[in-house]
Amino acid sequence: MASPLSGLLPGGGIRPGTAVGAGGDLPLLLALAALAAAESVAWAAVGVPELGGLAAAQAGLDLATGLVVSDPGPRAAQVLAVLLESVPVVLVGASVRVPERALRRLRAVMRRSGAVLLAVGRWPGADVQLQVVPVGWAGVGRGHGLLRGRRVTVTAGGRGAASAPRSAELWLPGPDGLVGVVEREAAEAVQSGARADLRVVG
């Protein structure tokens, strides 16, 4: 079964040995990680302190096969090189900085090992760069209700096969906690709810 993200990615998936930027959106990063780790299982996160175990598990990542490096310090490039040699899917936080010379080395490591690098924000030379524009939340009525899902517009661009711009309207996350395609009726319901007046109480 194809992922709701397939239409945004060249060939419908994340190619081995490539880097993808998630545009600073953690739910999108987790959805990409779950897609990339579906075949390989093992994954690692470097410098992503905002990553919670519950959110990762709900997105579909196996916590038993994950490795977390909260703060790689000044040797981030070396840490990433070691992980990309041995772990199929590596998540990288927005605060991680890598010199240009080290970036070239990391790209070579990824091509050799087939590992995928998924960055929270923009990643220099990323093969695919995604951006997220929030549209609205489902579940909020006229000043009350429970948030059930976030509707967003995701746009994609990049290099080579990913250079043609693409976009999709998605639930990220949806009512089930997973990424999903927004149907027209659901989109209209969210737009209607977004127009409802909210007021401060208490």
Side-chain angles (χ1 to χ4, degrees), residues 3 5-40 42-51 55-56 59 61 66-134 152-168 170 172 179:
S3 165
L5 296 171
S6 296
L8 298 168
L9 302 167
I14 302 174
R15 292 185 294 111
T18 60
V20 179
D25 193 82
L26 185 61
L28 177 57
L29 178 78
L30 290 175
L32 290 167
L35 176 62
E39 299 294 333
S40 59
W43 59 278
V46 179
V48 194
E50 64 273 32
L51 176 63
L61 291 175
L67 171 67
V68 175
V69 180
S70 299
D71 183 4
R75 301 176 66 84
Q78 292 91 328
V79 171
L80 287 174
V82 170
L83 289 174
L84 289 168
E85 285 277 16
S86 54
V87 182
V89 180
V90 178
L91 285 60
V92 182
S95 64
V96 176
R97 297 288 182 264
V98 177
E100 177 60 34
R101 182 174 62 180
L103 283 172
R104 291 194 294 270
R105 180 189 171 204
L106 292 179
R107 283 195 288 268
V109 171
M110 291 165 60
R111 285 195 298 270
R112 182 172 63 250
S113 68
V116 168
L117 185 148
L118 304 174
V120 173
R122 297 190 67 84
W123 183 260
D127 299 271
V128 181
Q129 185 64 57
L130 303 172
Q131 294 293 331
V132 177
V133 177
V152 300
T153 297
V154 183
T155 58
R159 305 187 303 162
S163 60
R166 296 166 304 284
S167 67
L170 301 173
L172 192 62
V179 60

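When atom types are taken as modelled, the side chain of Ser167 and the backbone of Thr155 share no donor-acceptor pair closer than 3.5 angstrom. Side-chain atoms of Arg166 come within 3.5 Å of backbone N or O of Ala164 as a donor-acceptor pair. A side-chain donor-acceptor contact under 3.5 Å links Ser113 to the backbone of Leu84. Judged purely by atom type and a 3.5 angstrom limit, Ser86 uses its side chain to pair as donor or acceptor with the backbone of Val82.
With a 4.5 Å cut-off on side-chain heavy atoms, Asp71 and Val69 do not count as touching. In this structure, the side chains of Gln131 and Arg122 come closer than 4.5 Å at one or more pairs of heavy atoms. The closest side-chain heavy-atom distance from Trp123 to Val98 is below 4.5 Å. Residues Leu172 and Asp25 have side chains in contact (heavy-atom distance under 4.5 Å, counting atoms from C-beta outward). In this structure, Leu5 and Leu170 have side chains that are in contact, with non-hydrogen atoms separated by less than 4.5 Å. Between Arg159 and Val128 the shortest side-chain heavy-atom distance does not fall below 4.5 Å. The side-chain heavy atoms of Val46 and Val90, taken from C-beta on, include a pair separated by under 4.5 Å. Counting heavy atoms from C-beta on, the side chains of Val89 and Leu118 come closer than 4.5 Å.
The minimum heavy-atom distance between Val116 and Gly17, with the atom names listed, is CG2-N, 4.4 Å. Of all the heavy atoms in Leu28 and Ala22, the pair that sits closest is CD2-O, 3.6 Å.
Across Val109, Val92, Leu103, a single residue satisfies side-chain contact (heavy atoms from CB on, under 4.5 Å) together with Leu80, and that is Val92.
Going from atom CG of Leu35 over to atom CG of Leu30 covers 12.5 Å, rounded to the nearest 0.5 Å.
Within a 6.0 Å radius of CZ in Arg105, no more than 12 heavy atoms belonging to other residues, nucleotides or ligands are found.
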* Just do the salt bridge (Lys or Arg N to Asp or Glu O under 4.0 Å) check on Arg111 and Glu85 with the steps written out, would you? => CA-CA 10 Å; Arg111 285 195 298 270; Glu85 285 277 16; over 6 Å; no
